[in-house]
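As C-alpha cells, the structure follows; a few thoughts come after it.
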Amino acid sequence: MRMSSSIPFKLFEEECLKLLKTSLEESRIESTENVLVRSLEIPPAREMGELALPCFELAKLLRRNPKELAEELAAKMSLMERKYVSDIKPAGLGYINFYVNHFELAQELFTAVTNFGSQYGLIKVERPLKIIVEHTSGNPIHPLTIGTGRNAVIGDSLASLLRSRGHDVKAHFYVNDVGLQVMIAAYGYSKVMDKIKGEKFDHSIGIIYPMTNSIVEIIELRKRLERASDDETKREILKEIDEWVGIAYELRNKDPELFDYLLSKISEDEDPKSMISKLNKDYEEGAREAVEIVRGLCKAVIEGFKQTLSRMWIKFDSWDWESEIAVWSKATEEVIGKIGDIAPWALERSEGALVLNVNGVASALNLKEKWGLADKELPKLTLRRADGTSLYTTRDIVYAFWKLKKADKVINVIGAEQSLAQLQLKIVLALLGVKDVETRYIHYAYELVKLPGAKMSSRRGRYIPLDDLLNESVNRVRIEVEKRGSALSEEEKKEIAEVIGVGAVKYALLNVTASKPITFDFDQVVNFERNSFPFINYTYVRALGILRKSSFTPTPNVDTSKLTHEYERELVIQMAKYPKIFIEAADELKPELLTNYLNQLSELFNSYYEKVNVIKEKDEETRKARLMLVYSIKTVIESCTKALNFKLAQRM
RNA sequence: GGGCCCGUAGCUCAGUAUGGAUGGAGCACCGGCCUCCGGAGCCGGAGGUCCCGGGUUCAAGUCCCGGCGGGCCCGCCA
C-alpha cells in the first residue's frame, strides 16, 4: 500500500523540512523550526527548484557565512535518504534549492485524483462553522447593475468556496424595502401602475424611479426658489434646477409617453415630497395600503433579480426583509433602548433627532487601540430621524444581531463606500456585548464599478443593467460559436453560448481584487482570449477531446517515469499544489487566487498540447501516463470551477 | 481639515498580509506557426525611475515615516 495524501505537494514540503531539521541537528545547530517553516519559499525561477531556503537569517544567528552554511547543509542533505526530493543544491549567495521528484509526486497526484475525482483538492476544515454570507442585496428600485453584479459574483463565489471547504454556509439577500428611495419608487409606481408594459419589471421600475425622483426634485426646488430671498441662494437653486431638468430631459427621451403621464399625475398632488414621507411613515407603521403598494413593488422587482441571478447560477437560502426584521418587530427601537440603558451618556438629542457619540463609545471600550484605528475623532451616528422614523445603519445593527444569532461568522459583501458606517456598526455591536466582533462580523468591502465617462447613479437613472452585460457577452460568444460552423444543433449552440458568455462575465468581475475599482469597458470584461473564462473552458474542451478519443479510464497505475517532458513536470507540480491554493483561497476569502490559478494551468496545458501529442504516441506506457495527466487536468479544472460556482461547456 | 482605499509596461491587472535570487500576465504593437489530439491556440520580439523622498534590514514593489496624484467617506441617503 502506497502512502498517500490528499495534498500531494505537502509530502514534498514535509520531506524538505525533515531533511533540514536532521541536517541541522547533525551540525548541532539548535532547534530553529519556526525560522525554517517561515523561511521556506518558492524560488523565482524554474531552474532554482520548487522550494528554497534562504540561509541569511540562520547564518546571522550562527555568525556564519550564509554561502558556506548553505553549501554545508546541502552537502549533508544530499547524502540522506529521501523520496520526494530529487536534488538539493546550494545556490546564489546563500540559498538551498530543493528539487522535487516529480515522478513520485505524479504518483501521489494520480492516486488522489483517482480517489477523489472532481472533489480533488477541496480539503475540508476540521471544525466546520456556521457561516452567513450576505451579498448582492440590491435596492429594489432598479434592475441589478454591473456594480451589484460584482457584489453578487464575489459573494456567491465566497459562499461556494466556503461550502466546498466544508462549512455550513447560508447565502442571505437583504431586501432593503425600507427607506426613502423605495418610497419614491413606490410613489411613482402607484401613479403609473396600469401603464407598465410587458418588459422585465425591475427594468420598468428602473426608469420610473429616476423619472419620479427628478420630477419631485424639480417641484421641490421650484418651491424653494419661490421662498428664497437673497440672490446668492436663488442662483444656487437655479443651477440645481438646471441640472435636474437636464436629467429629466434625458429620462423623458427614453419613454416620452410614460414621462408625460407621470408628470401630469404627480403635478396633481399638492406636495409630493410630504406624500413620500407619509408613505415612509405609514410603511414603517405597517399601514395596510402602504404595505400593499410597497410590498407589491418589491416582490415584483425581486422576481426580476431572481431571473438575472439564476442565469448566473446564483441562489439564495434566505431573503431577509428589512421591514420585518428591523422595523415591524420593533427591534430597532429596542436596540436604541438598550444603547440608552448601557451608555446613556453617549446619546444626544439634536434638533429632534437622536444621535450616538460613537467616538466616546470606542474610547470607553478601548476599541481604538484594539482594532488598530487611527487615534482620531470618529463621526457621530444618527440613530433616529426627528420624525421618529429609523435610519439605515440603525436598522442594520438589528440585522447584524439577527444574523449573528444564527451563525458563528457573518460575512457581509458591502461596498467600500460604507466602510465608516460598518465600523460604527461594529462599535455598537461591541457596546451591546457581542464578543469577538472583529472576527465574527466581517465587512468584505469591494470597490465600485465605474463607467469610463460619467459616474453611475441610480438616482439619475445612469447605470448599466447586469442583464445587458450578460446579453452582450452571450451574443458575442454566440457569434464565435457560429464562426466555428460546427455540427452542433441550434439548441446546443445556444446552451454553449450561455454557459461561456455568463462565465466570461463572472470571471472578469471576479479576477480583479475586490479592493480595486474597475473602470468598466465592454471589450475588457467580455474578452475571450487568454486570461478569460472562454480560454479556460477551451482548455477543458481540448482535454476532453483527447480523453474522448482514447476511451480512457482513470487509474494511478501508470508508469510516471515516462513523463519526462519539462511541461509534464510543470503540470504535475502545478496540480499537486492545487489543494494548497484552494485552502488559501477559501480561508483568506480570496477567490481571485483560483481564477489566477485556472489561467496559469490553462496556459501550461496549451503549451504542452502544442508540443506533445498524446493520442498518437506509440509507446503504450507513455501514452497511458500522458492520458492520466490529461485526465488530471480535466479533473482539476472541474474541481476548481465547481468551487467557484462556474459551469463548463463540454464542447465549444 | 480628517479617515479609508488605490498608484507596478502605452492600457487593464497579478505579486505587497508572512521582505529574499534576473519584478509576472493579458490587451494593443512587431515577426513567425494550421497534411491540427479543434488556431477561442502556440512560439518569439519590443516595451518598467514598481508615484516621489527618506528610514529599517545582510536583503524593500512588499515594512516604517513624510510627500504627490486619483477615488470614496465624514450626525437625521442607502
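The structure presented is a predicted model; accordingly, all values stated were derived computationally and were not measured.
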Whole-Å gap separating [atom2] ([N]) and [atom1] ([X]):
X	N	atom1	atom2	result
A:N176	B:A78	CG	P	9 Å
A:F528	B:C27	CZ	C1'	14 Å
A:Y538	B:C37	OH	P	12 Å

Quick check on B:C76: is either OP1 or OP2 less than 4.0 Å from any side-chain nitrogen or oxygen of A:R385?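 No, A:R385 has no side-chain N/O under 4.0 Å of OP1/OP2 on B:C76.
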
According to a strict under-4.0 Å criterion, is A:K60 in side-chain N/O contact with OP1 or OP2 of B:C58?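 For B:C58, OP1/OP2 do have a side-chain N/O of A:K60 under 4.0 Å.
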
Under the ring-ring contact (aromatic ring centres under 6.0 Å, His included) rule, collect the residues that match up with A:Y507, sequence neighbours excluded.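 Here no residue qualifies.
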
Here's a test of your reading of the structure: between A:S515 and A:E610, which maps to the more 5' nucleotide of RNA chain B?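 Per heavy-atom nearest nucleotide, the more 5' residue is A:S515.
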
Along RNA chain B (nearest heavy atom to each residue), the more 5'-positioned of A:V355 and A:S602: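 Taking each residue's closest nucleotide, the earlier one in sequence belongs to A:S602.
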
Indicate whether any N or O donor in one side chain lies under 3.5 Å from an N or O acceptor in the other, for [X] and [Y].
X	Y	answer
A:T635	A:S632	no
A:S137	A:N176	no
A:Y538	A:N606	no

Pick base, sugar-phosphate or nothing for [X], based on heavy-atom distances below 4.0 Å to the nucleic acid.
X	answer
A:R626	nothing
A:E603	sugar-phosphate
A:R542	sugar-phosphate
A:A386	base
A:Y567	sugar-phosphate
A:L180	sugar-phosphate
A:V182	nothing

Any donor-acceptor pair under 3.5 Å from A:R395 side chain to A:S323 backbone: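 The answer is no, because no donor-acceptor pair under 3.5 Å joins these two groups.
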
Would you call the rings of A:Y608 and A:F605 parallel, tilted or perpendicular if under 30° counts as parallel and over 60° as perpendicular?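 It falls in the tilted class, 30° to 60°.
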
Reading nucleotides 10-24 of chain B 5' to 3', which nucleotides get B (base under 4.0 Å from a protein heavy atom), which S (sugar-phosphate only), which -? --SSSS-B--BBB--

Would you mind writing out the side-chain donor-acceptor pairs for residues 415-422 of chain A within the sub-3.5 Å range, not counting sequence neighbours?
| unit_1 | atom_1 | unit_2 | atom_2 | d |
| --- | --- | --- | --- | --- |
| A:S419 | OG | A:A416 | O | 2.6 |
| A:Q422 | NE2 | A:D396 | OD2 | 3.3 |

Pairwise C1' distance, B:A46 and B:A40 [rounded to whole Å]: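 One C1' to the other, the span is 25 Å.
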
For the base of B:G26, is there a side-chain donor-acceptor partner from A:E529 under 3.5 Å away?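 Looking at the base of B:G26, it does not pair with any donor or acceptor on the side chain of A:E529 (distance under 3.5 Å).
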
